[in-house]
Student: 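Before I ask anything, here is the structure I am working with.
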Number of protein chains: 2
Amino acid sequence: MDTIGLARAKWEQHGWGGAAEGMAAVTSVMRAQQILQARVEEVMRPFDLSFARYEVLMLLHFSSRGSMPVKKAAQRLQVHPTSITNSVDRLETAGLVRRVPHPTDGRATLIEITDLGRETALKATEAVNRDVFSQPGLSGRRVSTLVNVLEDLRRSAGDFG
Amino acid sequence: MDTIGLARAKWEQHGWGGAAEGMAAVTSVMRAQQILQARVEEVMRPFDLSFARYEVLMLLHFSSRGSMPVKKAAQRLQVHPTSITNSVDRLETAGLVRRVPHPTDGRATLIEITDLGRETALKATEAVNRDVFSQPGLSGRRVSTLVNVLEDLRRSAGDFG
DNA sequence: CCACACTACGTGGACGTCCAGGTATCTGTC
DNA sequence: GACAGATACCTGGACGTCCACGTAGTGTGG
């Protein structure tokens with residue numbers, strides 16, 4: 001019934017034992033992401049938001065000026081700049097953000113959160129905190145363990161500079 | 001520099017302390033998936049494969065008859081059936097699998113791996129074992145810890161029956 | 001034996017992600 | 001001050017994922 005356990009057995013069976021645990025780890029992360037993504041998306045649906053767009057909204061909400069260039073948002077959220085462009089297109093249509101010309105750099109576009117955007121962000125945060133983040137499906141100790149282990153992985157990918 | 005640490009600080013600062021660790025965990029899983037996905041995709045590129053298509057190929061390779069209905073493949077890989085249809089379209093174009101009518105059920109289509117498919121699957125496995133699974137960016141102990149913790153999460157999502 | 005519910009698959013579309021390529025703007029150098 | 005390279009953004013397209021819907025085949029209760 002455990003598809004990852006089955007795969008690990010096959011790996012060992014074929015003489016790939018040295019890679020079996022790593023395979024299980026990678027596959028587990030993929031599956032965990034899928035599970036958590038689905039939970040978050042469900043919470044976001046009533047607000048006509050996706051997790052990707054929610055992240056953009058919260059980034060702007062927490063920024064000192066309530067606005068930020070596309071490039072900087074992409075760096076902070078660690079996605080390709082065109083993903084931000086895509087999210088902003090939809091957020092702008094929904095009236096949650098607005099594009100403003102950068103005051104000093106003619107190349108850049110500032111993304112600015114609107115009042116409606118802030119309001120929606122806070123409501124969505126309350127819901128996702130209540131329905132997902134407070135109860136991620138793990139005991140408190142294990143949640144911290146998970147964060148710590150993945151910190152190592154993120155470090156190896158250069159996430160800490 | 002640590003974007004997740006920054007977000008956690010903001011969460012606590014806004015009185016959402018009870019959800020901060022869960023938020024960090026969920027976000028860490030998302031980021032870890034992104035990192036690992038990118039590594040695997042890079043290894044797959046020389047074989048003209050994606051991780052999704054590789055998984056379909058290995059599933060068929062390990063199956064007793066070398067073939068399987070779409071529905072069953074979707075259940076095993078825990079994705080929507082149309083994702084399998086999509087992967088199979090591309091795998092079929094590449095000559096790695098072939099669609100065969102189900103012998104007894106006229107509704108079903110069997111996906112059958114070809115000799116070229118098996119050959120490609122084994123080469124890709126050797127590469128991904130060498131470049132990713134054997135060196136996931138974590139010590140051996142932590143890899144096992146990660147798998148164990150995520151097992152709990154998967155259990156809470158009903159992955160074990 | 002036949003009507004009706006169920007099942008398996010495909011199609012079309014939405015969404016998020018990335019890449020390649022193009023345009024406008026900035027910056028540093030001569 | 002002009003020009004070459006770098007930078008910021010957008011557009012178009014590939015890919016994977018999911019959903020809603022349609023079509024064909026199965027199976028079952030009357």
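So you know, we letter chains A, B, ... as the sequences are listed, proteins then strands, and number each from 1. Note that the coordinates shown come from a computational prediction; the quantities given were computed from them, not determined experimentally.
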Student: Taking 4.0 Å as the cut-off, does a side-chain nitrogen or oxygen of A/Ser83 come that near to OP1 or OP2 on C/dC18?
Tutor: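 Yes, A/Ser83 has a side-chain N/O under 4.0 Å of OP1/OP2 on C/dC18.
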
Student: By nearest atom, which of the nucleotides C/dC9, D/dC15, D/dG25 is closest to the B/Arg53 side chain?
Tutor: D/dC15

Student: At under 4.0 Å, does any side-chain N or O of B/Arg99 touch on OP1 or OP2 of C/dC9?
Tutor: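 No, because none of the side-chain N or O atoms of B/Arg99 sits under 4.0 Å from OP1 or OP2 of C/dC9.
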
Student: With nearest nucleotides of DNA chain D determined for A/Thr109 and A/Arg45 from heavy-atom distances, which residue corresponds to the more 5′ nucleotide?
Tutor: A/Thr109

Student: Does A/His102 put a side-chain nitrogen or oxygen below 4.0 Å from OP1 or OP2 of D/dA8?
Tutor: no

Student: Between D/dT17 atom P and A/Met30 atom CE, what is the distance in whole Å?
Tutor: 10 Å

Student: Check whether any side-chain nitrogen or oxygen of B/Thr85 sits under 4.0 Å from OP1 or OP2 of C/dG10, and answer yes or no.
Tutor: yes

Student: Calculate the interatomic distance between B/Glu92 atom CD and C/dC9 atom C1'; express it in whole Å.
Tutor: 13 Å

Student: Can you confirm whether more than 12 heavy atoms, excluding those of A/Glu12, are under 6.0 Å from its CD atom?
Tutor: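 Yes, because the 6.0 Å sphere around CD of A/Glu12 holds more than 12 heavy atoms from other groups.
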
Student: Which whole-number value in Å describes the distance from B/Gln75 CD to C/dC9 P?
Tutor: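 For the pair B/Gln75 CD and C/dC9 P, the rounded distance is 10 Å.
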
Student: Rounded off to whole Å, could you give me the NE2-to-P distance for the A/His80 and D/dC9 pair?
Tutor: 12 Å

Student: Heavy atoms only, 4.0 Å cut-off, all strands: where does B/Pro81 land among base, sugar-phosphate and nothing?
Tutor: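 Touches nothing.
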
Student: Look at the side chain of B/Asp105 and decide which nucleotide, out of D/dT26, C/dT17, D/dT17, has an atom nearest to it.
Tutor: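 Ranking D/dT26, C/dT17, D/dT17 by closest atom to the B/Asp105 side chain puts D/dT26 first.
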
Student: Which one, D/dT11, C/dT17, C/dG10, comes nearest to the side chain of A/Asn86?
Tutor: C/dT17

Student: Under 4.0 Å, counting only non-hydrogen atoms across every strand here, what does B/Gln34 touch: a base, just sugar-phosphate, or nothing?
Tutor: sugar-phosphate

Student: Between B/Ser144 and A/Glu21, is there a side-chain donor-acceptor contact under 3.5 Å, judged purely by atom types and distance?
Tutor: yes

Student: If only side-chain N and O atoms count, and only distance matters, is there a donor-acceptor pair under 3.5 Å linking A/Ser28 with A/Arg31?
Tutor: no

Student: Rounded to the nearest angstrom, tell me the gap between atom CG in B/Asp89 and atom C1' in D/dA14.
Tutor: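 Checked: the CG to C1' distance equals 14 Å.
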
Student: Salt bridge or not between A/Arg53 and A/Asp48? Use side-chain N to carboxylate O under 4.0 Å.
Tutor: no

Student: Measure distances between side-chain N and O atoms of B/Arg107 and base N and O atoms of D/dT26, and say whether any donor-acceptor pair falls under 3.5 Å.
Tutor: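 Donor-acceptor pair under 3.5 Å: no.
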
Student: Which one, D/dG16, D/dC18, C/dA8, comes nearest to the side chain of B/Lys71?
Tutor: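 Nucleotide nearest to B/Lys71's side chain: C/dA8.
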
Student: Rounded to whole angstroms, how far apart are CG on A/Leu110 and C1' on D/dC9?
Tutor: 12 Å

Student: Give a yes-or-no answer on whether the side chains of B/Thr120 and B/Tyr54 include a donor-acceptor pair shorter than 3.5 Å.
Tutor: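 No, B/Tyr54 and B/Thr120 have no side-chain donor paired with an acceptor closer than 3.5 Å.
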
Student: For B/Glu42 and C/dC19, what is the distance between atoms CD and P respectively, to the nearest whole Å?
Tutor: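 Interatomic distance, CD of B/Glu42 to P of C/dC19: 10 Å.
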
Student: Assess whether a salt bridge exists between B/Glu92 and B/Arg99, defined as any Lys/Arg side-chain N lying under 4.0 Å from an Asp/Glu carboxylate O.
Tutor: yes

Student: To the side chain of B/Thr82, which of C/dT7, D/dC10, C/dT11 is closest?
Tutor: C/dT11

Student: Once you round it to whole Å, what is the distance between P of C/dA8 and CZ of B/Arg76?
Tutor: 16 Å

Student: Taking the nucleotide of DNA chain C with the closest heavy atom to each, which residue, B/Pro69 or A/Gly106, is nearer the 5' end?
Tutor: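 Result: B/Pro69.
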
Student: Which nucleotide, D/dA8, C/dC9, D/dG16, lies nearest any side-chain atom of B/Arg90?
Tutor: D/dG16

